[in-house]
Amino acid sequence: QVRVVESGGGLVQAGGSLRLSCTASGRILSLYAMGWYRQAPGQQRELVASITNGGRTTYVDSVKDRFSISREYAGNTVSLQMNNLRPEDTAVYFCNADLLASDQQGGVVTTSRKNFWGQGTQVTVSS
């Protein structure tokens with residue numbers, strides 16, 4: 001069983017900073033990429049930032065030069081440093097882990113590549 005757990009959301013004034021963290025744990029054989037998505041009320045979930053196992057990063061244009069994603073490989077942890085926050089950054093932020101997991105059922109071990117999601121953490125930026 002794989003778990004993805006986020007932390008670090010909260011309420012901050014415009015121009016402030018927050019740091020989100022996410023850890024994937026369980027029967028993980030290989031972690032290909034981790035990323036942060038967000039979903040505001042009435043809007044679709046969008047990719048905010050991601051980082052591959054090789055360290056390649058991707059950002060949505062609206063957060064470039066303000067957000068920074070980083071990863072601790074030993075602990076399967078990814079962090080998102082968010083600076084100069086704006087009211088339009090308000091959303092529920094979800095962590096995603098693209099990984100190879102193992103499972104055992106009835107004495108048979110199988111492996112499969114899947115995307116796992118955290119429960120989400122609220123980020124609210126007041127103007």
Non-hydrogen side-chain atoms of Val2 and Ile28 separated by less than 4.5 Å: yes
Is any side-chain heavy atom of Leu80 less than 4.5 Å from a side-chain heavy atom of Arg19? no
Might you point out which heavy atoms bring Ser127 and Ala14 nearest each other, and give the distance in Å? CA-CB, 4.4 Å
Transitively linked via ILVMFWY side-chain contacts under 4.5 Å: Val12 with Leu20? yes
For Phe116, is the NZ or CZ atom of Arg3 found under 6.0 angstrom from the centre of its six-membered ring and inside 45 degrees of the ring axis? no
Show your reasoning for whether side chain to side chain contact (heavy atoms under 4.5 Å, CB included) applies to Val60 and Trp36. CA-CA 11 Å; Val60 68; Trp36 288 95; over 6 Å; no
Using modelled atom types only, decide if a donor and an acceptor are shared between the side chain of Thr23 and the backbone of Val5 within a distance under 3.5 Å. no
Got a sec, which hydrophobics cluster with Val109, joining ILVMFWY side chains under 4.5 Å apart, including via others? none
So, applying side chain to side chain contact (heavy atoms under 4.5 Å, CB included) with Arg71, which one of Thr77, Asn76, Thr52 is it? Asn76
Close side-chain approach of Phe94 to Gln39, heavy-atom, < 4.5 Å: yes
Closest approach of Ser102 to Leu29 (non-hydrogen atoms, all atoms of both residues): CB-CD1, 4.0 Å
Before you tell me yes or no, could you show the steps for Val48 and Tyr93 under side chain to side chain contact (heavy atoms under 4.5 Å, CB included), namely the whole-Å CA-CA distance, both residues' side-chain angles and the distance that decides it to 0.1 Å? CA-CA 9 Å; Val48 176; Tyr93 283 69; 4.2 Å; yes
Whether Arg38 side chain and Ala91 backbone form a donor-acceptor pair below 3.5 Å: no
Count the heavy atoms belonging to other residues, nucleotides or ligands that lie under 6.0 Å from CD of Gln13, then report whether that count exceeds 12. no
Do the side-chain N and O atoms of Asp103 and Thr110 include a donor-acceptor pair separated by under 3.5 angstrom? no
Applying side chain to side chain contact (heavy atoms under 4.5 Å, CB included), run through Met82 and Val123 and close with a yes or a no. CA-CA 10 Å; Met82 304 184 295; Val123 172; 4.0 Å; yes
I'd like to know if the side chain of Glu6 and the backbone of Thr121 have a donor-acceptor N/O pair within less than 3.5 Å. no
Measure the shortest side-chain to side-chain distance between Leu18 and Leu85 over non-hydrogen atoms and say whether it is less than 4.5 angstrom. yes
Is the shortest side-chain heavy-atom distance between Val4 and Cys22 below 4.5 Å? yes
Working to the nearest 0.5 angstrom, can you tell me the gap between Ser50 OG and Ile69 CD1? 6.0 Å
Separation between CG (Asp98) and CG (Asn115), nearest 0.5 Å, reads 4.5 Å
Test side chain to side chain contact (heavy atoms under 4.5 Å, CB included) applied to Val78 and Ser21, step by step: CA-CA 6 Å; Val78 65; Ser21 292; over 6 Å; no
Judged by atom type as modelled, is there a donor-acceptor pair below 3.5 Å linking the side chain of Tyr59 to the main-chain atoms of Asp65? no
Contacts of Tyr37 meeting ring-ring contact (aromatic ring centres under 6.0 Å, His included) (sequence neighbours excluded), chain-then-number -> Trp117
Test log, rule salt bridge (charged side-chain N to carboxylate O under 4.0 Å, His left out), inputs Arg86 and Asp89: CA-CA 5 Å; Arg86 304 167 180 169; Asp89 294 318; 5.4 Å; no
To the nearest 0.5 Å, what is the distance between CZ on Arg45 and CG on Asn96? 9.0 Å
When you compare the side chains of Gln81 and Ser79, does any donor N or O come within less than 3.5 Å of an acceptor on the partner? no
